Trainee: 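First, the structure itself, so that you have it in front of you.
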Amino acid sequence: MGIRVWPYGHWYDSGEPSPYRDTSICFSPNIFGSALGRNLSRAGADHLIRLLLLNALSSCKSSADALAYQDDVYIFLGMGLSMKALENSLPQYELDPCDLQFPESERLSPYDFSSGDSCLEIEEDVEHLSAKERKLLQLVEMGFLIDEASSAIEASGPDTDITELMDYISAARMNTSDEQQELPCQNLHDDEQPGPSHQHGGLSTSKKRKKLFKEEEIWENKQEFWRRKQKQSYKKQAKSPDYEDIVHLPKLMIGFGVPDHPLHMSHRTLPKSAVGPPYFYFENVAWTPKGVWTTISRFLYNIEPEFIDSLYFSAAARKRGYIHNLPIENRFPLLPIPPMTIQEFLPHTRSWWPSWDYRSKLNCLQTCHASVQTTNKIRNALESWIDEVPPERTQKYVLYECKKWNLIWTGKNRVSVLEPDEIELLLGYPINHTRGASRTDRYKSLGNSFQVDTVAFHFSVLKKMFPNGISVLSLFSGIGGAEVALHRLGIPLKNVVSVEISEVNNIILRGWWEQTNQKGNLIELGDIQKVTGERLSELIHSLGGFDLIVGGSPCNNLTGSNRLSRNGLAGEQSVLFHEYYRILYTVKGIMDIMS
DNA sequence: CTCATAATGATATTCTGA
DNA sequence: TCAGAATATCATTATGAG
C-alpha cells in the first residue's frame with residue numbers, strides 16, 4: 001500500500017482515508033511538488049517519511065510545538081498531536097541519520113527522541129573577535145595607534161592586563177622620542193604624535209590645524225582596524241563554490257521598472273501554480289546574508305524577487321525585495337508625488353547645509369537614531385573651524401556619522417536626528433499616523449514599516465480590478481502600510497484581516513481605521529503562529545475569500561544593522577517567514593476547493 | 001512596570017583606480 | 001580585469017530614571 005502525501009489545506013476536507021489522518025504533511029511544492037497528491041511507492045514513501053521526520057525532529061523546538069520548520073520541509077501536526085505521537089505512529093522506521101544519503105553539508109546533528117528539547121541549537125555565535133583582537137580593539141578605542149598596540153600585544157601576550165599594555169606602549173614611546181609623549185586620552189590637543197594615521201590628507205604639517213580631536217583620532221584608528229581585519233578574512237575565504245545559486249542584487253534597484261525611468265521589464269510569465277486568485281505580496285530587506293533570497297524565492301514559486309530602492313519614490317532610500325504575483329503592466333504612481341530630495345523636503349535645513357555635504361537623499365530610515373553624544377561630538381569637531389572650511393579628515397568623519405545616522409543640519413555646525421513626524425511623511429504615511437505611541441515605539445514601528453508610495457505603485461494595478469472593494473489578509477501588518485497604500489489609491493477596503501502581535505501597532509492601525517472612516521470590517525488576529533487552518537477556513541467562508549495576501553516578514557535576523565543575532569532565516573524572529581507561506585498555501589488550498 | 005538613552009560590529013556589496 | 005577601499009544597513013541590550 002502506498003502512502004499518500006497531502007498538501008496542507010486539503011487533508012481535512014477531502015474525506016479520503018489516509019494513514020496519517022490526524023497528521024497533515026505538507027512539503028514545499030517546489031521541492032516535493034511532484035509528490036503532492038500522488039500515490040508513492042512504498043520505498044518512495046519510506047524515503048520521504050524518513051527525510052521528513054529527520055528534518056522535523058531536528059528542527060522542532062520542543063515536542064509540544066505544533067510546527068516544525070526546516071528550509072525545505074514543512075510539517076504541520078494536526079490537533080492534539082505531538083512530535084512524540086508522530087514518532088510513535090511510525091515505529092517501523094528506524095531513524096538513524098547516518099544511514100541516509102544526505103550530502104555532508106545537510107547531515108543532521110544527532111538528536112535524542114526522549115528529550116523534547118531542541119537539537120537544533122544555533123551554532124556558537126558567529127565567532128567573535130579573538131582575545132588578541134579584542135585587546136587590540138580596546139587599545140585602539142582608547143586612542144592608541146594600531147601598530148603600537150599590536151606590537152605591545154605581540155611582546156607581552158594577549159592575556160596581559162590592559163594597564164600593563166598601556167605602560168608598555170608609553171615606555172616604547174619614551175624610547176623612540178626625546179619628547180615626552182603622553183597617553184592619548186589625556187592629551188590629544190597638542191601637536192601631532194608620530195604614527196601612520198597622521199599621514200591622512202597631508203595635514204600633519206599644516207599650521208592651520210588648531211585641535212586634534214580625540215573623536216576623529218579614534219574614528220580613524222577604528223576604521224583602520226576593521227579594514228585590516230577585513231583584509232585578513234578576505235584572504236582566508238576563497239570564492240564560494242555555490243556562487244551561482246545565490247540571488248544577486250541588481251546594480252540599479254528599479255525592480256521591473258519605476259516612474260521616470262526606462263522600463264526594465266514590461267511583462268513576465270508566472271508559474272501556473274503561482275497565478276492568483278488570491279494575489280500575494282511579500283516583502284523583506286534586500287541585503288540579507290547569503291542565500292536567504294534564494295530560499296525565500298524557492299518557497300514562493302521560484303518567482304524572481306523585484307528589488308526596489310524607495311529612493312525612486314521618496315527622499316529616503318529603502319532597499320527592499322518584493323515577491324508577488326501581481327500584474328506589472330500599467331502601474332502608476334501615487335499622487336501627489338512627494339518631495340524627492342532632502343532639500344525639497346526640509347527647506348529649513350538649506351541655510352545650514354555645508355557645501356561639502358553632498359547628500360541629496362537620506363539613507364534607510366531605521367529603528368534607532370543617533371545619541372546626543374554623537375551630535376555633540378560633531379559640533380565640537382566643527383566649532384574650532386570658525387569661518388573656514390574644515391579639513392578633509394573632519395569632513396570625512398562628520399559625513400560618515402551623518403550618513404550612518406541620517407543626520408540633518410538644523411543650525412550652524414549643528415546636526416540633529418529626524419523627528420518621527422518627518423519619518424512618517426518620508427514613508428508616505430499621514431502625519432501623526434503613529435502619534436500617541438511613545439517616541440521610542442514610534443521610531444521602532446516606523447523603521448519597520450513599508451514605504452507607502454513604493455507599495456502603492458505595485459498595488460496600483462489592483463484599482464481597476466476591484467472597484468467595489470478588496471478583501472485583504474494582512475500578515476505582519478505593523479502600522480498598516482499596505483492598508484494605507486490601498487486607501488490612498490482609492491481602493492475601498494471591504495475586509496481587512498490584520499495579523500499583528502504588537503499591541504502598539506494594533507492601536508495605531510485601529511486609530512487610522514477609525515480616523516479615515518472606513519466602512520469595511522477590520523478583524524484583528526494576534527499571534528500569527530496561532531492562526532490555524534480552521535480559523536482561516538472560517539474567515540474565508542464568512543468573508544468570501546481573500547483577494548490579496550500581503551506581508552513583510554520580520555527582518556531582524558537578516559538586516560546588516562543587527563550586530564548580535566544576524567542568523568539568517570533561522571533566527572528567532574525571521575523564522576516567522578515560514579508562517580507567511582504556510583498561510584499562503586493554506587488560503588490558496590481552501591479557495592481552490594471552494595471554486 | 002515604561003520609557004529614554006547610549007554603547008555595542010560585522011557583512012555583503014559596489015566602487016575605484018591601477 | 002581585479003584587489004583593495006568605500007559604503008550601507010526595517011537592531012539588541014544594559015542601564016537608570018521616574
Side-chain angles (χ1 to χ4, degrees), chain A residues 125-129 133-134 137-138 140-141 200 218 222-235 237 239-240 243 246-253 283-293 307 309-311 316-322 359 361-377 396 399-406 417 420 423 426-427 437-451 454-455 476 478-479 481 502-505 551-568 571-574:
Chain A
D125 276 350
V126 210
E127 39 177 33
H128 282 300
L129 301 177
E133 284 176 324
R134 212 190 307 269
L137 183 58
Q138 206 175 342
V140 164
E141 281 174 348
H200 292 281
I218 293 174
K222 267 173 107 170
Q223 298 274 310
E224 178 70 20
F225 175 86
W226 290 113
R227 213 175 300 145
R228 290 191 190 188
K229 191 168 156 47
Q230 192 176 19
K231 206 187 282 181
Q232 282 173 6
S233 69
Y234 184 78
K235 277 180 190 166
Q237 67 171 57
K239 273 215 166 174
S240 167
Y243 187 70
I246 290 168
V247 174
H248 289 100
L249 300 184
K251 199 167 147 189
L252 272 180
M253 272 207 199
E283 178 260 11
N284 215 315
V285 289
W287 289 348
T288 62
K290 274 181 190 166
V292 167
W293 271 108
F307 291 105
D309 193 336
S310 295
L311 196 67
R318 207 170 185 76
K319 295 173 184 60
R320 296 291 178 272
Y322 305 86
R359 290 178 299 159
K361 298 273 189 182
L362 291 162
N363 277 339
C364 186
L365 304 168
Q366 309 208 92
T367 57
C368 291
H369 56 265
S371 59
V372 195
Q373 310 274 352
T374 309
T375 51
N376 281 343
K377 282 178 198 166
K396 256 184 152 171
L399 258 180
Y400 174 84
E401 296 290 344
C402 285
K403 286 176 176 175
K404 183 173 174 186
W405 294 110
N406 263 333
V417 296
I423 299 181
L426 281 167
L427 290 174
S438 79
R439 206 177 151 80
T440 319
D441 284 340
R442 291 180 76 181
Y443 279 115
K444 191 173 167 196
S445 294
L446 285 163
N448 281 315
S449 61
F450 285 169
Q451 208 286 332
T454 313
V455 174
F476 313 106
I479 58 175
S502 153
E503 192 51 31
V504 175
N505 288 340
S553 73
C555 70
N556 309 28
N557 310 111
L558 308 179
T559 170
S561 336
N562 190 339
R563 291 147 147 81
L564 284 150
S565 53
R566 196 186 187 195
N567 319 328
E572 198 183 343
Q573 286 87 30
S574 296

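For clarity, every value in this text was computed on a predicted model and none was experimentally measured. So you know, we letter chains A, B, ... as the sequences are listed, proteins then strands, and number each from 1.
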Trainee: With distance as the sole criterion, do the side chain of A/R439 and the base of B/dC3 form a donor-acceptor contact below 3.5 Å?
Mentor: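 In this structure, the two groups form no donor-acceptor pair.
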
Trainee: Ignoring hydrogens and angles, tell me if any N or O in the side chain of A/K319 forms a donor-acceptor pair with the backbone of A/M253 under 3.5 Å.
Mentor: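 No, the answer is negative, given that no donor and acceptor are paired below the 3.5 Å cut-off.
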
Trainee: Tell me which nucleotide among C/dT12, C/dT9, B/dA6 gets nearest to the side chain of A/C368.
Mentor: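 Looking only at heavy atoms from C-beta outward on A/C368, the closest nucleotide is C/dT12.
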
Trainee: Name the nucleic acid region contacted by A/Q451, choosing base, sugar-phosphate or nothing; use a 4.0 angstrom heavy-atom cut-off, strictly under.
Mentor: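 It contacts nothing in the nucleic acid.
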
Trainee: With the side chain counted from C-beta on, respond yes when A/Q366 and A/S561 share a heavy-atom pair under 4.5 Å apart, and no when they do not.
Mentor: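 Side chain of A/Q366 against side chain of A/S561, heavy atoms only: contact under 4.5 Å found.
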
Trainee: So, does A/N556 get its side chain near the phosphate of C/dC10, meaning an N or O under 4.0 Å from OP1 or OP2?
Mentor: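 Answer is no, no contact under 4.0 Å.
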
Trainee: Distance alone, cut at 3.5 Å: any donor-acceptor contact between the side chains of A/T559 and A/N562?
Mentor: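 No, no side-chain donor-acceptor pair sits under 3.5 Å.
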
Trainee: Strictly below 4.0 Å: does A/N363 bring a side-chain N or O up to OP1 or OP2 of C/dT9?
Mentor: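 Answer is yes, contact under 4.0 Å.
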
Trainee: Measure CG/A/L249 against P/B/dT13 and give the value in whole Å, please.
Mentor: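 The distance from CG of A/L249 to P of B/dT13 comes to 6 Å, rounded to the nearest Å.
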
Trainee: Taking atom types as they are modelled, is there a donor-acceptor pair under 3.5 Å from the base of C/dC10 to the side chain of A/Q573?
Mentor: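 Donor-acceptor pair under 3.5 Å: no.
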
Trainee: Looking at the side chain of A/K403, which of C/dT7, C/dA6, C/dC10 is the nearest nucleotide?
Mentor: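 Closest nucleotide among those given: C/dT7.
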
Trainee: Is C/dT9 paired to anything, Watson-Crick or G-U wobble with both distances less than 3.5 Å, and if yes, which nucleotide?
Mentor: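 Pairing partner: B/dA10.
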
Trainee: Does a nitrogen or oxygen in the side chain of A/S438 sit under 4.0 Å from OP1 or OP2 of B/dA4?
Mentor: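 A/S438 to B/dA4 OP1/OP2: side-chain N or O found under 4.0 Å.
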
Trainee: Let me know the distance between CZ of A/R566 and C1' of B/dT13, rounded to the nearest Å.
Mentor: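 Rounded to whole Å, this separation is 11 Å.
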
